[in-house]
Amino acid sequence: MTGRRVYRRSSKRAQQANRELSPKGIDKGVGVARALEYLGCSRNARTFGFGDSGNDLGILAAVEMAVAMGNAMPEVKAVADYVTDDVEHDGTVTAMRHFGLI
């Protein structure tokens, strides 16, 4: 290996100006998994993830309950356990109420 890093690019459909770069093999789900490990929790420890775009698929795979926002891309909704309202209609709050978190 030459030491060259390979980066993955992703963008949100609604905001084409938004770009994310991360080292190959690293995504939001890796971060969540490492945080859970550090906290001594398992994926099944009543964990929730919220997402709307392809860059959130890793999070949704790393938690027990995957929640897609109402405005989410079809591939995000396809892996979700629950689809809530869109961002503009307080979907996060709606889901948290649904699950008795608030």
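Note that the coordinates shown come from a computational prediction; the quantities given were computed from them, not determined experimentally. In what follows, every heavy atom counts, from backbone to side chain, and hydrogens, waters and symmetry copies are set aside. We number each residue from 1, following the sequence as shown.
- For D27 (side chain) and V30 (main-chain N/O), a donor-acceptor pair under 3.5 Å exists by modelled atom type.
- When the side-chain contact (heavy atoms from CB on, under 4.5 Å) test is applied to A45, the partners found at least two apart in sequence or on another chain are C41, S42.
- Residues passing the side chain to side chain donor-acceptor pair (under 3.5 Å) test with D85 are T94, sequence neighbours excluded.
- Screening D56, N55, L57 for a side chain to side chain contact (heavy atoms under 4.5 Å, CB included) involving V76 leaves a single residue, L57.
- In this structure E64 satisfies the side-chain contact (heavy atoms from CB on, under 4.5 Å) test together with R46, T47, sequence neighbours excluded.
- Nearest heavy atom pair, residue K77 against residue G70, reads NZ-O, 2.9 Å.
- Remark: A95 engages F50, V67, Y82, T84 in a side-chain contact (heavy atoms from CB on, under 4.5 Å) (not counting sequence neighbours).
- Smallest separation of non-hydrogen atoms from G29 and A62: O-CB, 3.7 Å.
- Residues passing the side chain to side chain donor-acceptor pair (under 3.5 Å) test with H98, sequence neighbours excluded: none.
- Summarising the hydrophobic clusters (Ile, Leu, Val, Met, Phe, Trp, Tyr; side-chain heavy atoms under 4.5 Å, direct or chained), the residues clustered with V83 are none.
- Cluster partners of L39 are Y38, counting Ile, Leu, Val, Met, Phe, Trp and Tyr whose side-chain heavy atoms approach within less than 4.5 Å, directly or via other members.
- With sequence neighbours left out, D86 forms a side chain to side chain donor-acceptor pair (under 3.5 Å) with H89.
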